[in-house]
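See below for the structure under consideration.
First listed ligand is number 1; within each ligand, the first listed atom is number 1. Every value quoted in this text rests on a predicted model; they were computed, and no experiment measured them.
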Amino acid sequence: MSYLATPSTAPVTLSTLNKLKAKGEKFSCLTCYDASFAHAMNQAGIETILVGDSLGMVVQGHDSTLPVTVADMAYHTANIARANRTALILCDLPFLSYSTLSDAINSSRAVMQAGANVIKIEGGRELADTVKALAQAGVPTCVHLGLTPQLVNVFGGYKVQGKTDEAATKLLEDVQILQQAGAAMFLLECVPATLAKAVTESVAVPVIGIGAGVDTDGQVLVMHDMLGVYTRKPAKFVKNFMTDSTNTTGDITGAFAAYHQAVKNQTFPTDEHTF
Ligand code: KIV
């Protein structure tokens with residue numbers, strides 16, 4: 001099997017995503033952990049691939065993302081980068097791998113040299129100095145806010161965030177501070193749709209959502225979830241595209257293409273998947 005297919009579309013860059021946001025056109029993102037699935041995602045037109053530290057749960061079988069290492073992230077990113085021709089590759093920096101500026105630079109170096117285009121870190125305004133230092137070093141960041149799985153022990157579980165007026169105001173302030181610091185993108189997980197809409201409209205950079213309603217600029221799902229490969233009860237925001245009637249070929253590439261189309265025409269997520 002060869003992955004050296006000629007790309008049918010130009011590679012997606014941050015500038016592509018900014019243009020899509022300006023036009024009001026939605027973009028798709030899926031988590032991915034290996035070359036074969038990256039190839040299928042390219043075939044289906046998925047615009048952005050997230051090498052998520054969710055690999056700790058869906059690939060390695062841990063109960064949380066906390067055991068994942070920078071070496072794990074670099075390994076999976078390199079496998080994807082060898083096959084990927086068209087998608088922008090986002091890569092998570094794992095738990096406690098960006099607590100100091102020097103850790104953030106070293107961890108970013110490892111995953112970007114493996115093929116990541118953008119690094120993703122979890123937190124709020126406390127990351128402003130990190131985002132600034134990375135931007136100055138030539139590392140674009142996507143900041144993940146709302147339900148940040150690396151803080152599962154602080155939250156006491158995986159719970160919807162930003163439900164009170166106070167929490168919503170803080171999140172809106174956080175994104176302004178982080179945008180000012182140089183964040184290239186945001187990802188919102190498990191927040192009320194009204195808050196996600198307000199955040200998306202308040203920043204100039206693209207915002208990806210998961211469990212955040214239909215109004216964010218892009219959508220992401222964990223690949224295993226949207227293929228119906230569950231080891232635990234799927235979250236409310238998950239839809240199985242493998243068995244969906246819009247998957248016209250009935251195979252995995254068909255599921256990716258059905259998801260991509262549903263994101264583009266805003267038929268996913270619906271109220272059923274939204275908080
Ligand atoms: O690690 C991951 O897969 C993620 C998604 C849940 C957005 O961060």
Q) So which of E47, Q261, K264 actually passes side chain to side chain donor-acceptor pair (under 3.5 Å) with S28? A) E47
Q) Rest of the hydrophobic cluster containing Y75 (Ile/Leu/Val/Met/Phe/Trp/Tyr, side-chain heavy atoms under 4.5 Å)? A) none
Q: Measure from the ring center of F268 to the ring center of F241 and say whether it is less than 6.0 Å.
A: yes
For a distance cut-off of 3.5 Å, show me each N or O of ligand 1 paired with any protein N or O, plus the separation.
from	atom 1	to	atom 2	distance (Å)
ligand 1	1 (O)	D53	N	3.1
ligand 1	1 (O)	D53	OD1	3.1
ligand 1	1 (O)	S54	N	3.0
ligand 1	1 (O)	S54	OG	3.4
ligand 1	1 (O)	D92	OD2	3.0
ligand 1	3 (O)	S54	OG	2.5
ligand 1	8 (O)	K120	NZ	2.9

Q: May I have all residue pairs that pass ring-ring contact (aromatic ring centres under 6.0 Å, His included) and include part of residues 194-240, sequence neighbours excluded?
A: Y33-H224
Q) Among Q219, K239, M223, which residue meets the side chain to side chain contact (heavy atoms under 4.5 Å, CB included) test with Y259? A) Q219
Q: Scan for side-chain hydrogen bond (donor to acceptor under 3.5 Å, both in side chains) pairs involving residues 161-170, sequence neighbours excluded, and state none if there are none.
A: K170-D174
